[in-house]
Amino acid sequence: MAILVNLDVMMAKRKIPLGELAERIGITQANLSILKTGKAKAIRFSTLEAICRELECTPGDILEYTKDI
Amino acid sequence: MEISATPKLHAVPFERSFIMTRKKISLYASMLVTAFLFVFIIAACLLLPKILEIYSDFRGGLNCTDLMIALYASAVPGLVCCMSLLKLLFNIKKEEIFVLKNVKILQLLSYCCIFVGIEYIVFGRKYISMLFFAFAALFIGLILRVIKNVFDKAIELREENDYTI
């Protein structure tokens, strides 16, 4: 995908494990791991807002656009 | 007097007790009818020579061998269709609906119907009513094909929805 999800970087910075973050956001651990590994096709704004709220960051810290060749 | 807007549920004691909704009853009814159809086709295969003998006498000694070939040759796709429909219904019961294997089942169903239609035209062309049945079979085959196209798109949409976090 041309949009990269740098969730693990942010999670390491804030030292929050996957299960705890999933619980705080209100999604399942499986869904969060789908998001982390880049298999997700879309993300809801409500989920993005919850992630940014818990990790105290902005969407640009988590989502990155790369041009694939 | 209040008219209830909720669907009627009533608990039925089975081995595992679950609530029988109208949709579940409809699903089991479809399975039952398909199973009966399967048995009916087999019974018709066994009784066909006798029936054709009576029909042949009724038509004054008409040679019905090509009609017999047409009907027997359509029994095999018929049985295959019944088994495919049962497989499809079981998948629906398992909550696997817009899935690749169901698309393959629908494709098989449409090809069976089209095969039966063409085969009726080839072997039953002397009998005018067989041509009507052939047209009906081809029509049903076409409808199933369009439903298969719809399922293809539905799989795409479901996958998109499932992978929306």
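Below, read A as the first sequence line, B as the second, and so on, with proteins coming before strands; counting in each chain starts at 1.
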For the [atom1] atom on [X], are there more than 12 heavy atoms of other groups (residues, nucleotides or ligands in this structure) within a distance under 6.0 Å?
{"X": "B/Phe135", "atom1": "CZ", "answer": "no"}
{"X": "A/Glu23", "atom1": "CD", "answer": "no"}
{"X": "B/Lys87", "atom1": "NZ", "answer": "no"}
{"X": "B/Glu96", "atom1": "CD", "answer": "yes"}

Q | Top contributor to chain B interface from A/Thr28, A/Leu48, A/Thr47 [non-hydrogen pairs under 4.5 Å] | A |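 Most heavy-atom pairs within the cutoff with chain B belong to A/Thr47.
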
**Q.** OH on B/Tyr163 to CG on A/Leu35, rounded to 0.5 Å
**A.**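 Reported value, rounded in 0.5 Å steps: 12.5 Å.
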
Q. Under a 4.5 Å cut-off applied to non-hydrogen side-chain atoms, are A/Leu32 and B/Ile165 in contact?
A.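 The answer is no, as the side chains (C-beta and beyond) never meet within the 4.5 Å cut-off.
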
Q: Flag the pair A/Ile43 / B/Thr164 as yes when at least one side-chain heavy-atom distance between them is below 4.5 Å, and no otherwise.
A: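 A side-chain contact under 4.5 Å is absent here.
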
